[in-house]
Amino acid sequence: ETTRRFGTLDEYLKASDAQTSKTVRAIFASLQKKYPKLELVIAWNQPMLKLGDDYVFGLSTHTQHILIAPWGKAALAQVAAGIDGYKTNKKTIQVPIDWKVDVKLLHGLVKTRLDELK
């Protein structure tokens, strides 16, 4: 069990610079507008979106980039064509701190996970 350091997105972003905060807020705003039933929580000291007991999407901030993490086995594979040019690993996509939020990509990742949960 890790020690809980943050209770809210604001607390999580307190140590981030203005650009990182702006990008992270835009990511979550886009997803919560499209999928209002998703709940923003802090888990593993990172902001996550949940539907009931299931995690749908999360992210973490780093000095030089933001890692976005769609949950589920299929999400990255489903949007593979849309993530050309991004650095990816098994479960995350690395985006720049000043990322112009790719709403279509984000919505595709979340939709894939929600479909998986049905």
>> Centre-to-centre under 6.0 Å for W44 and F6, is that the case here?
In response: no
Which heavy atom of [X] sits nearest a heavy atom of [Y], and at what distance?
| X | Y | value |
| --- | --- | --- |
| L49 | L40 | CD2-CA, 3.8 Å |
| I42 | P47 | CD1-CA, 3.8 Å |
| S30 | H107 | OG-NE2, 3.0 Å |
| S60 | Q46 | CB-NE2, 3.5 Å |

Supply the atom-to-atom distance [X] [atom1] to [Y] [atom2], rounded to the nearest 0.5 angstrom.
| X | Y | atom1 | atom2 | value |
| --- | --- | --- | --- | --- |
| I93 | K87 | CD1 | NZ | 13.5 Å |
| Q32 | E39 | CD | CD | 9.5 Å |
| D54 | E116 | CG | CD | 9.5 Å |
| K91 | N89 | NZ | CG | 9.5 Å |

Do [X] and [Y] make a side-chain contact, defined as non-hydrogen atoms from C-beta onward lying under 4.5 Å apart?
| X | Y | value |
| --- | --- | --- |
| L38 | L114 | yes |
| L106 | F57 | yes |
| V101 | V95 | no |

> For Q19 and T23, does a side-chain donor sit closer than 3.5 Å to a side-chain acceptor?
Replying inline: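 The answer is yes; a qualifying pair exists.
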>> Test your reading of the model: is there a side-chain donor-acceptor pair from Y12 to the backbone of T61, 3.5 Å cut-off?
In response: yes
>> Using modelled atom types and a 3.5 Å cut-off, is there a donor and acceptor pairing between side-chain atoms of R113 and backbone atoms of Y55?
In response: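 Indeed, once roles are kept as given, a pair shorter than 3.5 Å links the two residues.
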>> Name the residue from I68, L67, T88 that meets the side-chain contact (heavy atoms from CB on, under 4.5 Å) definition with Q94.
In response: L67
> Can you tell which of L105, V56, L51 makes a side-chain contact (heavy atoms from CB on, under 4.5 Å) with V110?
Replying inline: V56
> Going through the distances and angles, do R25 and D10 end up as a salt bridge (Lys or Arg N to Asp or Glu O under 4.0 Å)?
Replying inline: CA-CA 9 Å; R25 289 180 195 286; D10 288 339; 2.9 Å; yes
> Within a radius of less than 6.0 Å around NZ of K50, do more than 12 heavy atoms belonging to other residues, nucleotides or ligands occur?
Replying inline: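 Buried by this count: over 12 neighbours within 6.0 Å.
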>> Assess the residue pair K14 and E11 against the criterion (salt bridge (Lys or Arg N to Asp or Glu O under 4.0 Å)); give the C-alpha distance rounded to whole Å, side-chain angles, the decisive distance to 0.1 Å, and a yes or no.
In response: CA-CA 5 Å; K14 211 175 272 182; E11 287 175 18; 5.9 Å; no
>> Evaluate T112 against D115 for side-chain hydrogen bond (donor to acceptor under 3.5 Å, both in side chains), listing each step before the verdict.
In response: CA-CA 5 Å; T112 300; D115 288 348; 5.8 Å; no
